[in-house]
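Read through the structure below, which is laid out as structure tokens, and then see the notes.
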Amino acid sequence: MKKSYLFTPGPTPIPSESLLAMAQPIDYHRSEDAVALIKDVLEKLKHVFQTENDVMFLTSSGTGAMDGAVSNLLSRGDKALVIRTGKFGERWGEICTAYGVEVIPIDVEWGNSVAPEIVEEHLTTNPEIKVVYSTLCETSTGALHDIQTLAQITQSTPTLLVVDAVSALGADDLQMDQWGVDVVVSCSQKGLMTPPGLAFVALNNRAWDAVEHSNLPKYYFDFRKAHKSGIEGSVPYTPAITLLNALQCALNLIYEEGINNTIKRHQQMALATRSAIKAIGLPLFASSPANTLTSIRLPMEVDGKAFVKMMREDYGITYAGGQGELSGKILRIAHLGWMNENDVIVAISSFERGLAEIGYDISLGVGVAAAQEVFSL
Ligand code: PMP
């Protein structure tokens, strides 16, 4: 008998309440019950986004919200500053280019986070930049970004700050209103413990102003339509109602725990994982690691791709490997969403077993002991 464990930074495991909710008969999305469901979900999302702004949902994966955060805010030929510290920062640039937006890139070596001063310098020399596209946790490297400082910089300028919190929402702190972030995008299948298929986005007044001036083409991801409907508990198109039922259960869990405690739980899991990896004797990949996941630089002699395959097939443990230029070189262990201390212990002990199996010199249990120590503090 093989039991499966999912330690990828999306999708993440689903709470049993949500699984049961998805087994309920399908409902009509314009019924009174559906209106109440949509209103409830959108209200509770505000708690997770730490905002009083309206949150909207789109029926798509997270990239749909990213697409909309370009097509709804800008016009052809506008300039956007794109922070590229990994695969998902690059995606912002690709979307901008697809829409005819001029990309001014800030390229940072993968594993590092952008220095806010560099963003400030660009905005000073290039005040016509309309939007800064950033990423809270660059999932391809595990690096966290200092969004609070970036928001301090953009707030005193007409430039908007858009944050991709697709993976990190609910795991790393992001105080949309308090910090002055203009737009936040996220999705269902990570910190929000729901299957893939829903994207979320919140805009403040400055950003809504920009929407009024944008002339890029848009239809399915037109934020004005999603916003107008959402306020009424309605939707412009048939929504993934089954996923909304699951999301409601997951949001209830976060609501009951309280977003600050949810973030603290993730912080503890991240600290324990990092401590375990250091005790095992391997370097962390990200210089400023997020609570969302831990990236580990694998020793040269370890074939990362083969390791991920072996762990999945022999142990039922799914970790994520490296993406793009990091393929085979790093291992990513997520501690995200429906997880607690026990899951971290399974992730670490399995990692140790796997390393031992491929002949890596490891004293079994050192990582687990280090993690336990963090949890017992
Ligand atoms: N941004 C980040 C930071 C992500 O982690 C991901 C998914 N791994 C995406 C964007 C893209 O999201 P999706 O695959 O849901 O479209």
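Counting convention: from 1, in listed order, for ligands and their atoms alike.
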Exercise answer, ligand 1 polar atom pairs (N/O) under 3.5 angstrom:
from, atom 1, to, atom 2, distance (Å)
ligand 1, 1 (N), Asp164, OD1, 3.4
ligand 1, 1 (N), Asp164, OD2, 2.6
ligand 1, 5 (O), Thr139, OG1, 2.5
ligand 1, 5 (O), Lys190, NZ, 3.3
ligand 1, 8 (N), Lys190, NZ, 2.6
ligand 1, 15 (O), Gly62, N, 2.8
ligand 1, 15 (O), Gln189, NE2, 2.8
ligand 1, 16 (O), Ser61, OG, 2.5
ligand 1, 16 (O), Gly62, N, 3.3
ligand 1, 16 (O), Thr63, N, 2.8
ligand 1, 16 (O), Thr63, OG1, 2.5

| Should the ring pair Tyr219 and Tyr237 be called parallel, tilted or perpendicular, given that the plane angle runs from 0 to 90° and is split at 30 and 60? | tilted

| Taking it one step at a time, do Phe351 and Tyr315 satisfy ring-ring contact (aromatic ring centres under 6.0 Å, His included)? | CA-CA 10 Å; Phe351 182 50; Tyr315 293 87; over 10 Å; no

| query | Does the separation of the ring centres of Phe88 and Tyr133 fall below 6.0 angstrom? | reply |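 No - the distance between ring centres of Phe88 and Tyr133 does not fall below the 6.0 Å cut-off.
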
| field | Straight-line distance of Leu169 CG to Thr292 OG1, nearest 0.5 Å | value |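 If we round to the nearest 0.5 Å, Leu169:CG and Thr292:OG1 are 9.5 Å apart.
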
| Do any N or O atoms from the side chain of Asn215 and from the backbone of Ser75 form a donor-acceptor pair under 3.5 angstrom? | no

| So, Asp343 side chain and Asn340 main chain: donor-acceptor pair closer than 3.5 Å or not? | yes

